Each structure stands twice: as structure tokens, then as C-alpha cells.
There are 2 protein chains.
Amino acid sequence: MDIRGVAALARVSIATVSRTINHVPTVDPALAARVWKVVHELNYLPNTQARALVSGRSRLIGLIVSEITNPFFPELIQEFEQAAVARGYEILIGSTNYESKTMEICARRMLERKVDGVAVMTFGVEDFFLDRFAAENIPYVFIDPAPSRPLNSVLAVDYLAGISEGVQHLAVLGHRNIAFISGPLSRRSSLSRKEAFLACLHSIGLKPNPDWLIEGDHTLDGGRDAMQKILALPHLPTAIMCSNDMTAIGVQHALFEADLRIPDDFSLIGFDDIHLAEYTIPPLTTIRMSCRDLATRAMENLLSRRNPGVGSTPSTASTTQPAGGLDSLNPRQDQPSATIATRLIVRRTTGLPHRALDDLRPDASKQNTTSLPPRAQRQRRSARP
Amino acid sequence: MDIRGVAALARVSIATVSRTINHVPTVDPALAARVWKVVHELNYLPNTQARALVSGRSRLIGLIVSEITNPFFPELIQEFEQAAVARGYEILIGSTNYESKTMEICARRMLERKVDGVAVMTFGVEDFFLDRFAAENIPYVFIDPAPSRPLNSVLAVDYLAGISEGVQHLAVLGHRNIAFISGPLSRRSSLSRKEAFLACLHSIGLKPNPDWLIEGDHTLDGGRDAMQKILALPHLPTAIMCSNDMTAIGVQHALFEADLRIPDDFSLIGFDDIHLAEYTIPPLTTIRMSCRDLATRAMENLLSRRNPGVGSTPSTASTTQPAGGLDSLNPRQDQPSATIATRLIVRRTTGLPHRALDDLRPDASKQNTTSLPPRAQRQRRSARP
DNA sequence: CGGCATTGTGTAAACGTTTTCCCTGTCAAC
DNA sequence: GTTGACAGGGAAAACGTTTACACAATGCCG
């Protein structure tokens, strides 16, 4: 069942079998045919471990994500896997569950299994591991957050464009009081999204209300809790932006429980455009980030850096850079290597603000209660005209 | 950076290093301490490939699922991974996307990477691969469908119990006209669920209407399409059972689009109880199947069969069975090794049927149209009293 | 005090590949 | 007919571990 068996049956050396199955062109076609025949008869499958051990390439690409149960990540994983398989690689998934201990274990696994590259889309990685990956000459690419120190490679997401579209959409509809539910602020990408939101607000002349900047955790529960916090506030916004779709779905649930309506009582915008966003009730207006783009860019970035000094680098570039220090430092220490576009997908959670803008909940402040006037007293509007 | 480096610095042989890091108890504590010190200083990580190559154990467990973007599977994967890690294993995920070609590639990968076991939760696997796994003495466990021929091991899900609870719940509420949206009927587990549904119907004296048995595909789109098919029918059921939650969410969407209400116009029951089910609008009544149970049972089943003839098997068992033929056939060819319980979780998509039971849409049949009377003409009921 | 377990360590042979290097042909050119 | 180049295939050395085996040192018992 091993290569020796094949060699014996095909009456060739194991070297020839190896060359044949690796499509080395110098093999005599007649011999190759004989080898292939035996390979198929025996259903011979080469042992990946032995292969990787001697060749130094595992044909494995690591992908470290935050949380596999957040539907965004499976969508990313799927795209990433397709991109990998198309290039002859497999992927090894690690999920950190937002715990740095788990993160460490993931990184360790990737090192132990000798991955040929790692894409990371989760919170900050320990410097220790960056050093290790660099030392072992394993290319890595960070999707979206810029960690503390200069990196070989970062894929930036154009938050500003998407969030700006969202904020403008709301502003055009007449919203002036917009809340933002961020992700965990320990995550740099969460911070980026929040900062992008604040910048957008500023650019259209609105001032943020600190009460309306809530820290969530990118989960359904977190979104629900955050919205409940907002509902308990003395002054209510008329629109909510969320830093991911799961949070927005949690918000929808909280509003449903409070017997409030979207978009009549609150407009709502998510982020990611997971497939589910089309299916929420009502369908979620959200900011799309292309998983496919992300995945293909990440893969290409990784593979292009596989053999530093060799490969498709234009010769002009290599002359301008010192060639040494390959082991400890990848010479291509470049700027964000690509930017992923975002764009607003308008569905049905955004509409005109129905409450007075400057005069939020006049009766509520009189009654000194946090609840809105009962649903029945307010005008009801059908979802579609 | 390899074991030799550690051995040299600790002034011991590589065998001692190997024994130390594998916690072989015969190592002298003083030496072990010296080794550990060097291991930590160097941040030595053993090469998994070399390890696996010589030891014959990859400490990798394969998990083949249908589709990673269906949230049920990430939940399963998470539990499975935890169960694996707790036992010192890692998992290798393959998703078939319901294509038998992809299934083949997955199985091939598992064989090439020399997994120590495989759990399969997707449609039927080719006999070829079953033979291969058996020949290589790789234990496998099938979650829920019983493939065509006798298997080493199957984990059965007690569909009947859960679906029966669901049907009875509907019957008690007064529903007599229940539709069922199945998964792809090429999948045996889909068939099982459908058959369980039919059996339940029969047991309470109801006859199935063939029009109301729709084949879906376990996706959001499939659920929506199926419900649209039902809505186009001349006679409408008052309740819908779905064979998974994603289908049910698709149904919710279709009803929302048609301006129909849950549970007023239709009662709805899902299956799986994914986390999202609590967050749909209204929250989904569904049949829970415990991922954790599934995962731990599958892992334990796999690991208990790892060393046939060796290990923790009680001696009585080994005497009653012929010991030979280990390579071609695992001797423990047993019945479904475990049954996973299911139970109904009542949320808010089930309620009293508001339409007449025997007399569906009398006006619709007169008008020869497929649409229900306009929403506004019918009584509206708030989600909660 | 000598043999004999016992305990712990080192040496070396695997594991299944890839890949380097060398050798044997074959063919063309002189 | 001899030489050189070249093509193609085989032998063997890696790759980094685990593990069987041998062997040295120690303690115990007679």
C-alpha cells in the first residue's frame, strides 16, 4: 500500500513512482503509464506526513478566526477553503473564541503542523508568535486589524467607505440621532469600525452622544443586551448601527420583545452581509464585505510570499532591497497589501424617523419611565406601502 | 530547533528528550527538569508530521459535514472540537456541500492525512471509502443515517421522539392539517425524519396529504421556496413542520413576504434548535438535538475502537468474538451504539389554528385564486396576550 | 562480596516519502 | 569508431520523530 508496493508492482524504482505521481516531466511515458496503472489498481494514496516531512511543505494553510459559530466566519472559511483547494492546499481551522489562551493553542498547532502560511482574523496575536512565524519563515497575513508592530502583511477592510455610506443613508432619511453598537473594543478591528463611525458622524456635522456608543461582543446575546441598555436610556436614538450582523439580529430581537417596530421606531444597519441578513424580519440593511475577496486576496498574499527571494518578484524590486536576513525577517515589509471594498446593501430595516428629532420621548420624560408609549397608541405602518 | 538541538543543549540523548516530552514516567526527574528547561528556553515544538509518521497515530480526527454555512454544523464542529481537544486530538474538517465529488475529495484527504478516526454527518458515503477506512483500520462513526450496508458504528438520533412531541403539540393545539418540509430525500437522515413524521401522523389518526410533503434542501432559500410552493396550493395546511431550523427560517421569511403571520396564520416547528432559533421573529418552536451529546458520543465511540484487541475492552468480550481479520474487518460489528435524545422546545411559532379545519379557504376556491384574503380583513392578534 | 533484578539512558532502526547524485544508455557529431 | 552531451532511471541520503533493544549503573539478596 505504500510507494514501495507500487514500485514493485510496476517494476520501477520508488524514485520513478515519486516522479510520476508528482508529474515530473522527465519520466518516460511508457513507465509513467505503468506506474499510473498500478496506482489506480491499488488506489494508492501518498502519505501526506512523509511527504511533508521530507519536502518541507505541508500544503496546509492555517486560518485562525474568532468564533466559528458566528455565521460570518463559516462563510469566510468556505471561501477560503475554495481558494485554497483551487491552489492545491488544504486549510487548518483554528478558532480562538476570543480567549487569548485558546489563541495561543491555535498558533501552537499551526506551528506544530508546519503550515505553509497563516491567515489571521481575530484579536491581537501575541508578539511571541509573530516572532515564531517569522523565524520559521511562515508567511502570515492579518485580515483587518493592524497589530501593534509593523507586519509583513495586512489586508485592510475599507470600513470608512461602508460605514460612511450607511451613516449618509440614515442622514438622508432624516436621522440625526444614531447609536453605534461596537464589537469588543479589545479587538482592534472593532475600534477601527467605531472610529470610522465617529469620523463619519463628524464629517456630516453630527456630534456623538456617548450614551449611544455601546460596546457589544459581536454575538446575538450581546446585540440584545446592548439594545436593552439603549432602551433604558433617558434619550433614545432613532437609528442603530451595529458593527456586525449578529449584533443587529440581537437588536431586532430586543425590539421585538419590547414590542417596538423596525424601521418605524428604530432604523437598523448591520455589518458583514451574511446570507442570513436577507432573511431576517424585516430583511436587514447592512454593509457588505466580500468574503470571496477577502479569501482570495489572503490566499494570494500568502502564496506570493512563500519563497522569499525566489519567484515572481520583478527584478527591479530585489535590487533595491537588501537580500539578507531571510530567516529572521521577510524583506517585503510593505504597507497594507490590499484593501477590501465594502458597500451598503439597503433592505428594509431603514426608514424615515417617526419620532420627533430634537424632542425625544416628551411624555416619557414627564412620566419618568423608560418605556415608550404603548404600541397601540402610536401609528402603525405596514412594512411596505 | 529540533529534538536534536534540545538533546544537545540538555546534554542528553534524543531518546530521553522524546521520553520526557511524552511524559514517560521512567525518566529521571533531574534529567527531565533539564530537558524541560531547554524545551521552554528554545520554545521547542515537536514536528507533528515526523511524530505521526513513526508512531502511526496522527492525533487527528476527521469530521465530515454537509455544509459549513448551515449554523447547525458550526455548533456541532465546536462541540466536536472541544471533545477532541479534551482527549488530546485535533480535528480536520471536511464539508461535502452535498456533492458526491466533494465527498470523495474529503474522504481522500482524511485517508492521506492518516486520521485516527472519522465522524461522518452527511449523505451516503461511497462503499469504496468504507472499504478503505476498514482496510486501513480507521474507525468511523456515522451520525444519524444508516448507510446501505452494515456498519461498524452508527449514532442514531431519536427522530421519532422529537417529531412525535412536535406533532402532538400541534394536535393538542387543534391542528389537523400539517405540512412537512423535508431535507434532500437523497439523504437517508432526511428520509428518516420524513418517515418519523408520517408515522406520528398515522399514530394519532391523521392522514398525510401528499401535497403537503415538500422536499426542501435544508437551506434558507429552500425553506422559502418550499413555503411559496405550499402557498400556491389550493388547500392550505395550518401548521408546518420543517426538518431543520434553517428551513423554518426560510419559511418565516416567505410568510413575512406574503404578509402572513406566525403563529396566527401558520404554526411552525423547526428541528435542531440552533442558537439562532431563539432569536427569530417570533422565536422558533423547534426540536432540540444536543450537539454536545452528539459530539462526545461520537468521539468516545471513535476512541474506544482505536486499538482493536487492545485497550479497555473487558476480557469477557474478547473471548466471545473471533480475534482474526483485524485488517479487513473490525470485529465489533455492532448495532447502533448510541441514541441521541431529542426534545421539543416550545417558543412562539406555534399557536391555535385560526382558520377553519375542514373548510380551508372557502372564498379562495370560489375566486380561483391562490392568495389568502387580504391581511387587513382578518383578525389580528398580538404576539402575546 | 558476587550475582541478579531493576532502573534508567543511549544507540540505532524504523516510518514513507522527496530529492540529490550518479550511472547507464542512446544519439549526434566529428 | 570514438567522444561528448544528454536523457532518464536507480540507489541512497535525508526529514524529525518514536521505540525496540542493548547496556551501564545501582541496589538487593543470598
Side-chain angles (χ1 to χ4, degrees), chain A residues 1-36 38-39 42-60 88 109 111-116 136-138 307 310, chain B residues 1-36 38-39 42-60 88 109 111-116 136-138 307 310:
Chain A
M1 274 307 190
D2 61 356
I3 200 174
R4 267 187 296 264
V6 177
L9 262 80
R11 301 186 315 280
V12 296
S13 71
I14 58 172
T16 300
V17 177
S18 174
R19 280 190 279 256
T20 304
I21 61 179
N22 288 302
H23 301 102
V24 172
T26 65
V27 182
D28 182 274
L31 281 200
R34 234 160 64 206
V35 170
W36 280 121
V38 176
V39 163
L42 258 53
N43 282 308
Y44 165 71
L45 295 178
N47 181 326
T48 321
Q49 293 149 348
R51 221 170 218 214
L53 184 58
V54 59
S55 73
R57 276 167 293 133
S58 62
R59 305 206 75 79
L60 214 49
R109 283 175 48 203
L111 288 167
E112 282 175 346
R113 298 246 173 232
K114 292 272 178 291
V115 292
D116 291 342
E136 309 228 357
N137 214 355
I138 300 174
N307 293 325
V310 194
Chain B
M1 274 307 189
D2 62 355
I3 201 174
R4 269 188 293 266
V6 177
L9 261 80
R11 303 185 313 281
V12 294
S13 71
I14 58 172
T16 300
V17 176
S18 175
R19 281 190 280 257
T20 304
I21 62 179
N22 287 302
H23 300 101
V24 172
T26 65
V27 181
D28 182 273
L31 281 198
R34 233 159 65 204
V35 169
W36 280 121
V38 176
V39 164
L42 258 54
N43 282 308
Y44 165 71
L45 295 178
N47 182 326
T48 321
Q49 292 149 347
R51 224 172 216 211
L53 184 59
V54 59
S55 72
R57 277 168 292 133
S58 62
R59 305 207 74 80
L60 214 49
R109 282 175 50 202
L111 288 167
E112 282 176 347
R113 299 244 172 234
K114 291 271 179 291
V115 292
D116 292 341
E136 310 227 358
N137 213 356
I138 299 174
N307 293 325
V310 195

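In what follows, chains carry the letters A, B, and so on, assigned in the order in which the sequence lines appear, proteins first and then strands, with residues in each chain numbered from 1. Computed from a predicted model, the values in this text were never measured in an experiment.
A donor-acceptor pair under 3.5 Å is absent between the side-chain atoms of B:Thr20 and the main chain of B:Val35, judged by distance alone. Formation of a donor-acceptor pair under 3.5 Å by the B:Ser58 side chain with backbone atoms of B:Lys114 is found in this model. Checked by atom type and distance alone, the side chain of A:Thr48 pairs as donor or acceptor with a backbone atom of B:Glu112 at under 3.5 Å. Checking side-chain atoms of A:Asp116 against main-chain N and O of A:Arg57 turns up no donor-acceptor pair under 3.5 Å. The main-chain N or O of A:Arg51 is found under 3.5 Å from a side-chain atom of A:Ser55 such that the two form a donor-acceptor pair.
The closest side-chain heavy-atom distance from B:Ser18 to B:Asn22 is below 4.5 Å. Inter-residue side-chain proximity for A:Pro46 and A:Ile3 is flagged as unmet; no heavy-atom pair is nearer than 4.5 Å.
Both A:Leu53 and B:Pro25 lie near DNA chain C, and the one whose nearest nucleotide falls closer to the 5' end is B:Pro25. Map B:Asp28 and B:Ser55 each onto its nearest nucleotide of DNA chain C; the residue landing nearer the 5' end is B:Asp28.
Separating the CG atom in A:Leu9 from the CZ atom in A:Arg4 is a distance of 14.0 Å, to the nearest 0.5 Å. Between B:Asn47 atom CG and A:Gln49 atom CD the span is 10.0 Å, to the nearest 0.5 Å.
Contact footprint of chain B on DNA chain C: nucleotides with an atom under 4.0 Å from a non-hydrogen protein atom, first to last in 5' to 3' order, C:dG8 to C:dG16.
When the P atom of D:dA14 is taken as reference, atom CG of B:Asp2 falls 14 Å away, rounded to whole Å. The nearest whole Å value for the distance from the CG atom in B:Asn47 to the P atom in D:dT18 is 10 Å.
Of the residues in residues 5-19 of chain B, B:Val12, B:Ser13, B:Ala15, B:Thr16, B:Arg19 come within less than 4.0 Å of DNA chain C through at least one heavy atom, sorted by number.
When the local axes at the two ends of the helix from C:dC1-D:dG30 to C:dC30-D:dG1 are compared, using 5 base pairs at each end, they differ in direction by 60° after rounding to 10°.
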Residues B:Arg34, B:Val12; criterion side-chain contact (heavy atoms from CB on, under 4.5 Å); working and verdict: CA-CA 9 Å; B:Arg34 233 159 65 204; B:Val12 294; 3.7 Å; yes

